[in-house]
Amino acid sequence: MNDSRARQRILVTGGAGFVGSHLVGHLCSRGAAVTIIDDLSTGSLRNLVEVRDGGANLEFIEGRAGAAINGLDARSFSAVYHLAAAVGVQLVLEKTAEAVERNVIDTSSVLRWAASAGVPTLITSSSEVYGRGVRSPFREEDDVVYGPTTALRWSYACSKALDEYLALAHYHAAGLPATVVRLFNTVGPRQTGRYGMVLPRFVRSALNGQPLEVYGDGRQSRCFCDVRDVVPAIVALLESSASRGRVFNVGSDQSTSIGDLARLVVATLGSSSPVVNVPYAEAYGPGFDDLQIRQPDLTRIRETISFAPRIALTQTITDIAAQITRVAAEAPR
Ligand code: UDP
């Protein structure tokens, strides 16, 4: 069998997660056969229902990525998207050792496995890698500055930075066609607010008539990008030879303060919920270090692929609300 016929499938680790399930849907809509590895720790099979119903060519393997890949032949894959990771500040604060191990050990195994067959591989890192940041907007080649190791939140940033080192090291040492993307605040249907993410929490509260809890004074800002804009960009990056051995910011560069976000959610959904401020110490425990501004410089991605997010934040809010309402209606009573 020649190489192009042998390499038919695409591997997506974390494919039952929020970003992963949208990525799987996008790849399947382009006719790809996709193998998913997911341990369902934060992901859910429910996220794949729409993709499966569309008659996709899917194989699902339940397990930790670092172990499950040992049962697969790397030579039969044309691409690897490694998304499986511990996500969410809350989860990282609650289960720090597990989150660091998951991010570093599993990624190391997946990269070694992909490198054994030279499979083009993209890993999703995080804007957390910038730490406190030395300037704004964040550029890929900026220095990174973290708080002390006693502030556990920085362990996540550090674990993701190690993942980046590993991917880039395999690129330099073994020629692995590796691409690193640093995802900024990605939002959309299927994202769960359980692990701290702000937008699904606000939407759920607004739908339930409960207060939207803005931590701190609400002047801290983030740039929100719809997952349906992020996913095609990730695929275009993996498919671009110009992305190899490089790091890319992926997201929106339009800043919104968290206070304004709360008010936008209430207005968009016509909710009667109040917006309240909650001190950081109450929300995260003492000593939490929030970031005031998190904004990407998108020069590099724009120079490499055509990238222009299209979905308005109000549309994302409406779609998240519709998805939450749909799932609630389907849930067994
Ligand atoms: N946040 C909030 N209320 C919530 C959840 C989060 O005000 O219910 C704030 C959080 O403190 C941060 C911002 O919203 O300033 C974004 O939080 P998220 O965890 O979604 O993303 P990250 O902080 O990792 O960028």
Side-chain angles (χ1 to χ4, degrees), residues 17-19 42 85-96 99 103 124-133 136-138 144 146-147 151-161 181-208 210-227 230 249-266 271 273-296 313 316-317 320 324:
F18 160 54
V19 180
T42 52
V87 287
V89 172
Q90 225 154 300
L91 184 70
V92 170
L93 291 176
E94 280 162 22
K95 298 183 178 174
T96 308
N103 288 351
T124 47
S125 181
S126 163
S127 55
E128 272 284 313
V129 164
Y130 289 103
R132 295 183 199 278
S136 187
F138 294 157
V144 294
Y146 300 146
L152 291 180
R153 76 154 292 167
W154 301 114
S155 64
Y156 182 71
C158 233
S159 71
K160 284 301 203 177
V181 299
R182 289 184 182 156
L183 296 183
F184 281 68
N185 296 70
T186 306
V187 289
R190 299 185 204 143
Q191 184 176 36
T192 167
R194 214 175 306 144
Y195 309 106
M197 278 67 164
V198 65
L199 191 53
R201 290 166 81 89
F202 281 180
V203 171
R204 195 172 282 278
S205 297
L207 289 174
N208 293 338
Q210 290 165 345
L212 279 68
E213 297 190 341
V214 172
Y215 302 158
D217 64 10
R219 281 189 294 181
Q220 72 274 31
S221 65
R222 297 291 187 271
C223 302
F224 297 95
C225 191
D226 194 290
V227 65
V230 166
N249 288 338
V250 180
S252 159
D253 55 3
Q254 303 299 308
S255 273
T256 306
S257 79
I258 300 304
D260 283 349
L261 180 73
R263 289 182 281 274
L264 185 67
V265 169
V266 167
S271 169
S273 291
V275 173
V276 299
N277 289 87
V278 173
Y280 280 119
E282 213 173 286
Y284 295 112
F288 185 79
D289 210 357
D290 199 16
L291 223 68
Q292 279 307 298
I293 302 175
R294 167 170 280 165
Q295 185 181 32
L313 194 47
T316 305
I317 291 167
I320 295 174
I324 290 176

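Remember, it's 1-based here, ligands and their atoms both numbered in the order they're listed.
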- In this structure, are over 12 heavy atoms from other groups packed under 6.0 Å from Ile293 atom CD1? no
- Query: Is the number of heavy atoms from other residues, nucleotides or ligands under 6.0 Å of Arg219 CZ greater than 12?
  - Reply: no
For ligand 1, which atoms sit closer than 4.0 Å to a heavy atom of [X]?
X      : result
Val214 : 7 (O)
Met197 : 20 (O)
Arg201 : 4 (C), 5 (C), 8 (O)
Asn185 : 21 (O), 22 (P), 25 (O)

- Residues Glu128 and Arg294 bridged, charged N to O under 4.0 Å: yes
- Contact partition for Val198 relative to ligand 1, non-hydrogen atoms under 4.0 Å: both
Protein residue, atom and distance nearest to [atom], heavy-atom basis:
atom                    : answer
atom 3 (N) of ligand 1  : Glu213 O, 2.8 Å
atom 23 (O) of ligand 1 : Arg222 NH2, 3.2 Å
atom 19 (O) of ligand 1 : Gly196 O, 3.5 Å
atom 15 (O) of ligand 1 : Asp290 OD2, 2.6 Å

- Which of these, Ile317, Val266, Val214, sits in a side-chain contact (heavy atoms from CB on, under 4.5 Å) with Phe202? Val214
- Message: With respect to Arg294, determine whether any N or O atom, backbone or side chain, lies less than 3.5 Å from an N or O atom of ligand 1.
- Response: yes
Of the listed options ([options]), which comes nearest to [atom] when hydrogens are ignored and any heavy atom counts?
atom                    : options                        : result
atom 9 (C) of ligand 1  : Gln220, Gln191, Arg153         : Gln220
atom 2 (C) of ligand 1  : Tyr280, Tyr215, Tyr284, Phe224 : Tyr215
atom 13 (C) of ligand 1 : Leu212, Leu199, Ile258         : Ile258

- Message: Side chains of Asp290 and Tyr280 only: does a donor on one sit below 3.5 Å from an acceptor on the other?
- Response: yes
- Item | Close side-chain approach of Ile258 and Tyr215, heavy atoms under 4.5 Å | no
- Task: Taking the side chain as every heavy atom from C-beta outward, state whether Asn185 and Met197 have any pair of such atoms under 4.5 Å apart.
- Result: no
- Message: Return the OH to CZ distance between Tyr146 and Arg153, rounded to the nearest 0.5 Å.
- Response: 11.0 Å
- Task: For residues Tyr130 and Phe138, establish whether the separation of their ring centroids is below 6.0 Å.
- Result: yes
